[in-house]
Amino acid sequence: MKVAIVKESAPNERRVALVPEVVGKLTGGGHEVLVQSGAGDGASIPDASFTAAGAKVVAEDALYAEADVVLRVQKPTPEEVGKLRSGQVVIGLLQPLIDPQNAQALAKAGVTAVSLDTLPRTLSRAQSMDALSSQANVGGYKAVIMAADAFGRYFPLLTTAAGTAKPANVLILGVGVAGLQAIATAKRLGAVVKAYDVRSETREQAQSLGAQFVTLESVADATGEGGYARELTDEEKEAQQAELSKYISSMDVVITTAQVPGRRPPLLVTADTVRAMKAGSVIVDMAASALGGNVELSVPDDTIVTENGVTIIAPTNLPATMPGGASGFYARNISALLTHFIKEGEMTFDFEDEITEGTVITHDGKVVHEPTAKLLSEGGAA
Ligand code: NAD
C-alpha cells in the first residue's frame, strides 16, 4: 500500500504526520511511503532523513495521484479536499464535530475520512492511538515552560549568598491529561503547586504528582460521561468563579486547561479576578480558542499585559510550538491507527469494531459517523 504524508498548510502548523523512525517501521512492513517535499521542514526533519528511512520524496501532485492513504495532522482545506480522489483514505485530526461541513465535503468526494480526535479514548487497546492525550501532554509541558519564561522571578526556592528567592506559587486549573503534565513540569522546576478540577477522582492523581488539591465548598463533584466533566449549571459557575477568585489572587502563575467536550470552555478566571492579582503574575490559558477560553481577558494567539501588570498568554496550538516532540508522539498514534485498519495489505473497515465506528467519519460517499451526521442534520457544529 502507498501511504503518503503531506506538508501541513494551516498557519503556524509545524508538526508532520510521520517521523523517519515510524516511516522505517511502515516500509519494513512492506508499505511504500511517499513524503511531500518539505513536509518535515517545520519540525526540523529534512527530506533526506525521510529518504534515509526508506521513503520517496515527491511533489504534491504526484503524492495525491499515487497515494492510497494520506496521513496528515490537521484537516484538509477545501482546496486540499479537491485534490483527494474517490477511494482514497485520509487520516488526521479532522475535527468533524467542530467542522462537520468539511466531513460532508470529504464524503461527497468519495474519500474515506478517519479522525483521531473521535477515537474512543477509554478502550485500553486504543491507548497507543490517542493523539488527543499525546498532544495535550506536550501542551501541558510547554504551557509551564512559557509561564516560567514570562515570569520575572524564580520557580524554585533558591538560597544563595545574595539572599533567598521564594518559590513560585503555581495553580493548575483542570487536571486532565494537560493539567497532570503541567503539575509534573511545574514541580520539576521547583514551584509550590496547587491544582483544582471538578472531577473529584483527580484529587489523588494531582496529589500523587506532589500538588496540593484545592477543594471548593460551593461546587460538588461534576464528573460527566466517559471520564469527562459535565457542564456546570449557571449557579455553580458563578459560585465556582467567586470561590476560585480567592485562591487565584494570591498566585504567581495560573495555568488553565479546563474543557467540556462539545461545549465552550468554562470561564474560570474573570476580569475582576485578574484585577485582584499581583503585578508580575502570569496566566497561560490553554483552553483559549475563537470560542473563548478559561480566562475572560485572554486574546487567542496573543499575549497581553493588563493595566495591573498581569501577563495573559493564550496559545491555541501549543503542540505545534514543540514540533519535533509532538510529531514523534503523533506519528506513533497515527501509525497505530493506520495499522489497525490494514488486513492482508489492504485498508479494511469493520464497522462492528468500536475503534472503526468511532473514528471513520465518511465512507462510500456517506457521513457514517453518527454524531457528525446528527450535527449535519441539525445544520450546525458542536
Ligand atoms: P479535557 O481536555 O476535556 O478537560 C481537561 C480537564 O478540565 C478535565 O480534567 C475536566 O474535568 C476539567 N474541567 C472541565 N470543566 C471544569 C471546570 N468547570 N472547572 C475545573 N475543571 C474543569 O479532558 P482530557 O484531559 O482530554 O481528559 C480528561 C479525562 O478523560 C482524563 O483525565 C481521563 O480521566 C479521561 N481519559 C481517559 C483515557 C483512558 O481511559 N485511556 C484517556 C484519555 C482521557
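Both backbone and side-chain heavy atoms feed into the values below; hydrogens, waters and symmetry mates do not. Counting starts at 1 for both ligands and their atoms, following the listed order.
- Contact annotation for L123 and ligand 1: no heavy atom of the residue comes within less than 4.0 Å of the ligand.
- The closest heavy-atom contact to atom 1 (P) of ligand 1, among the options Q259, E201, R199, comes from Q259.
- Protein heavy atom at the shortest distance from atom 7 (O) of ligand 1 is A258 CA, 3.2 Å.
- Below 30°, between 30° and 60°, or above 60°: for F155 and F151 the angle between ring planes is above 60°, a perpendicular geometry.
- Contacts between V260 and ligand 1, counted as non-hydrogen atom pairs separated by less than 4.0 Å, involve the side chain only.
- Side-chain atoms of S9 and E80 form a donor-acceptor pair, as typed in the model, at a separation below 3.5 Å.
- The shortest separation from a heavy atom of V198 to ligand 1 is under 4.0 Å, placing the residue in contact.
- Scanning the protein for heavy atoms near atom 5 (C) of ligand 1, the closest one is T257 O, 3.4 Å.
- Residue-ligand proximity: T122 is placed with a non-hydrogen atom under 4.0 Å from ligand 1.
- Just one of E243, Q240, R203 meets the side chain to side chain donor-acceptor pair (under 3.5 Å) condition when paired with Y196; it is Q240.
- Nearest to atom 8 (C) of ligand 1 among the protein's heavy atoms is D197 OD2, 3.4 Å.
- Close approach of ligand 1 to Y196 (heavy-atom distance below 4.0 Å) involves ligand atoms 19 (N), 20 (C).
- Closest non-hydrogen pair, A131 versus N333, comes out as CA-OD1, 3.2 Å.
- Between E13 and R72 there is no salt bridge, since no side-chain N of the basic residue sits under 4.0 Å from a carboxylate O of the acidic one.
- Ligand 1 has at least one atom lying under 4.0 Å from a heavy atom of Q240.
- Under a 4.0 Å heavy-atom criterion, L268 is in contact with ligand 1.
- Closest heavy-atom contact between P167 and D252: O-OD2, 4.3 Å.
- Across every non-hydrogen atom of A211 and I183, the tightest pair is CB-CG2, 3.7 Å.
- Around atom CD of E354, no more than 12 heavy atoms belonging to other residues, nucleotides or ligands sit under 6.0 Å away.
- Pairing each heavy atom of N294 with each of L267, the nearest pair is O-CD1, 3.6 Å.
- Looking only at protein heavy atoms, the nearest one to atom 41 (N) of ligand 1 is Q127 NE2, 2.5 Å.
- Scanning the protein heavy atoms around atom 38 (C) of ligand 1, the nearest turns out to be R121 O, 3.5 Å.
- Both F341 and L119 are part of a single hydrophobic cluster, where members link through side-chain heavy atoms under 4.5 Å apart.
- In Q205, neither the side chain nor the backbone holds a heavy atom less than 4.0 Å from any atom of ligand 1.
- The closest protein non-hydrogen atom to atom 25 (O) of ligand 1 is V177 N, 2.7 Å.
- Among G227, A229, A136, the residue whose heavy atom lies closest to atom 35 (C) of ligand 1 is G227.
- Not a single heavy atom of K237 sits less than 4.0 Å from an atom of ligand 1.
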